[in-house]
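As the structure is a computational prediction, the values presented were derived from the model and not from experiment. Heavy atoms only: backbone and side chains are in, while hydrogens, waters and symmetry mates are out.
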2 protein chains.
Amino acid sequence: MKLPRNTIRRLSHYLRCLDILDLKGVQLVKSRELACMCRVSDSLVRRDLSYFGDFGKKGVGYNLPELRERILQIMGLNKVRKVVLCGVGNIGTALLRYPFKERNFEIIAAFDTDPKKIGMVINGIRVYPAEKTSELTRELGVEIGIIAVPPEAAQKTADLLAEGGIEGILSFALIPIEPKKDVVIQYVEIATELEILSFEIEERKRRR
Amino acid sequence: MKLPRNTIRRLSHYLRCLDILDLKGVQLVKSRELACMCRVSDSLVRRDLSYFGDFGKKGVGYNLPELRERILQIMGLNKVRKVVLCGVGNIGTALLRYPFKERNFEIIAAFDTDPKKIGMVINGIRVYPAEKTSELTRELGVEIGIIAVPPEAAQKTADLLAEGGIEGILSFALIPIEPKKDVVIQYVEIATELEILSFEIEERKRRR
């Protein structure tokens, strides 16, 4: 069973909504409520959730704690994942201050080449020299590396992470990275997001 | 004709590849080459491009300048779009330094509430007081607003941008924004990207 990428993205959104409903003490949630909160169609929610077997009771809804637990399990979010950050520039510093811990991702170390940054502690996270990347990644049992270095250093950084036994990379660098040793790579492409926005603005104009 | 969201995302990737091939002086490009550069299948490239009519000549390939021009036109990227940035924190500062101009997006002003930041010029872009957002957005004919403010200020910032006649918003804030006045909203969700990565790591483990 191969889940569509968009279903996975929506599962993450459903989780946010389930968290909010959970705080309100909701025990049963209808696909319509989730659909409304996530601004998607009712039938899409039902289709997405049907991938994981039969949760819902017709007319009653889904058992919220069960559904939440199942999504967490499928997405591998029911345990804390160790993360390292490579590159403590503007984006890197912002990421160190990001509340990832709430979502079970814990940044436990950062790396940079700048001697002025090495030894700094930001939001409780220490900055180590970049040449320690492989060694520390392996020693600390890190699963995910975030790359926020300049484009020209991205491939080298990815290679160091792969050597350290990393499982996945989230890259903010502007260039594609050649994956090594079965590492999963996910990109955050800000310019692409702007381009998609641009397309949708044009679409809306065309429809007017 | 409604283009799938993923096709639009891939068009942006194709553009990157066409730019690279263009620099090399390539005049004809085969779907196989584009597929290989973007790491997608041959048939997917052909399907994506077929949305825009018949470009390619069988066995010969696509005329590169024509194809590039057509994608730029469809995505509304054949003219410079004016952008403002709201929130000059870590992510905001990183965005001001981002080379968006290469992609025809020009950040022409930034806004913040912090008196220490107002009047600063970063990468040639001046920081104005947040209460000027609507006025300046309208005066300058801005189309896109980037929101990089703390979550609690996100909705208010979006409202100010909407009042200023903005067409689209790219939000880095961690909460959903209620759109006003027909504004297109696009999110950059870093935590969601990490969750998708987490899912793929688990999938790979399950397959081993």
Side-chain angles (χ1 to χ4, degrees), chain A residues 2-3 5-6 8-9 11-13 15-16 37-39 74-77 81 83 89-100 102-105 143-144 146 148 167-170 172 174 176 182 184-205, chain B residues 2-3 5-6 8-9 11-13 15-16 37-39 74-77 81 83 89-100 102-105 143-144 146 148 167-170 172 174 176 182 184-205:
Chain A
K2 181 106 178 85
L3 283 181
R5 181 56 85 101
N6 282 344
I8 302 160
R9 187 170 292 274
L11 286 182
S12 166
H13 295 173
L15 267 184
R16 295 295 81 65
M37 287 177 84
C38 294
R39 295 191 196 109
I74 282 161
M75 297 195 66
L77 300 171
R81 275 182 205 274
V83 179
N90 285 300
I91 285 195
T93 305
L95 294 172
L96 290 177
R97 299 214 170 101
Y98 214 87
F100 289 122
E102 295 172 5
R103 312 275 275 263
N104 262 356
F105 295 97
E143 285 187 285
I144 293 176
I146 300 179
E167 300 266 355
I169 287 174
L170 184 68
F172 286 79
L174 292 167
D182 222 28
V184 186
I185 300 184
Q186 174 89 356
Y187 295 91
V188 178
E189 301 164 305
I190 300 169
T192 293
E193 303 301 331
L194 271 180
E195 293 186 349
I196 294 172
L197 188 59
S198 165
F199 169 80
E200 299 207 335
I201 290 172
E202 284 307 297
E203 269 293 279
R204 199 160 281 203
K205 283 183 190 168
Chain B
K2 181 108 177 84
L3 282 182
R5 179 58 84 100
N6 282 344
I8 303 160
R9 186 171 292 276
L11 285 182
S12 165
H13 296 174
L15 268 184
R16 295 294 82 66
M37 286 177 87
C38 294
R39 294 191 197 110
I74 281 160
M75 297 195 67
L77 299 172
R81 277 181 203 274
V83 179
N90 285 299
I91 284 194
T93 305
L95 294 172
L96 290 177
R97 299 214 170 101
Y98 214 88
F100 289 122
E102 292 171 8
R103 313 274 275 263
N104 261 356
F105 296 97
E143 285 189 284
I144 293 176
I146 301 179
E167 301 266 355
I169 287 175
L170 185 69
F172 285 79
L174 292 167
D182 222 31
V184 186
I185 300 184
Q186 175 90 354
Y187 296 91
V188 178
E189 302 165 305
I190 300 167
T192 293
E193 303 301 331
L194 270 180
E195 293 187 350
I196 294 172
L197 188 59
S198 165
F199 170 80
E200 299 206 335
I201 290 172
E202 284 307 298
E203 270 292 280
R204 199 159 281 203
K205 282 183 190 168

Engaged part of B:Tyr187 at the chain A interface, taking heavy atoms whose separation is under 4.5 Å: both
B:Ser198 side chain near A:Phe105 side chain, heavy-atom distance below 4.5 Å: yes
Distance in Å, B:Ile185 CD1 paired with A:Glu200 CD, rounded so as to fall on 0.5 Å steps: 11.0 Å
Heavy-atom contact with chain A under 4.5 Å, split by part of B:Ile144: side chain
Rounded distance (nearest 0.5 Å) linking atom CG of A:Asp182 with atom CD1 of B:Ile201: 11.0 Å
Chain A contact via B:Arg204 - which portion, at a heavy-atom distance below 4.5 Å: side chain
Chain A contacts, top residue of B:Val83, B:Leu15, B:Ile74 (heavy-atom pairs, under 4.5 Å): B:Ile74
Contact class of B:Ile169 relative to chain A, heavy atoms under 4.5 angstrom: backbone
Distance-minimising heavy-atom pair for B:Ala94 and A:Asn90: CB-CB, 3.3 Å
Top contributor to chain A interface from B:Ile196, B:Ile91, B:Thr93 [non-hydrogen pairs under 4.5 Å]: B:Ile196
Region of B:Glu143 in contact with chain A, defined by heavy-atom distances below 4.5 Å: both
Residues A:Glu189 and B:Arg16 bridged, charged N to O under 4.0 Å: no
Option in B:Arg97, B:Met37, B:His13, B:Glu102 with maximal non-hydrogen atom pairs under 4.5 Å from chain A: B:His13
Salt-bridge contact A:Arg103-B:Glu195 (side-chain N to carboxylate O under 4.0 Å): yes
CD-CZ distance between B:Glu193 and A:Phe172, expressed to the nearest 0.5 angstrom: 8.0 Å
Intermediate values then yes/no, side chain to side chain contact (heavy atoms under 4.5 Å, CB included), B:Leu11 and A:Phe199: CA-CA 10 Å; B:Leu11 285 182; A:Phe199 169 80; 5.8 Å; no
Spatial distance of atom CG (B:Leu77) from atom CG (A:Leu194) [nearest 0.5 Å]: 9.5 Å
Carboxylate-amine/guanidinium proximity below 4.0 Å for B:Glu202 and A:Arg81: yes
Contact class of A:Asn104 relative to chain B, heavy atoms under 4.5 angstrom: neither
Nearest heavy-atom neighbours spanning B:Ser12 and A:Thr192: OG-OG1, 3.0 Å
For A:Gln186 against B:Leu197, the heavy-atom pair lying closest together: CB-CD1, 3.9 Å
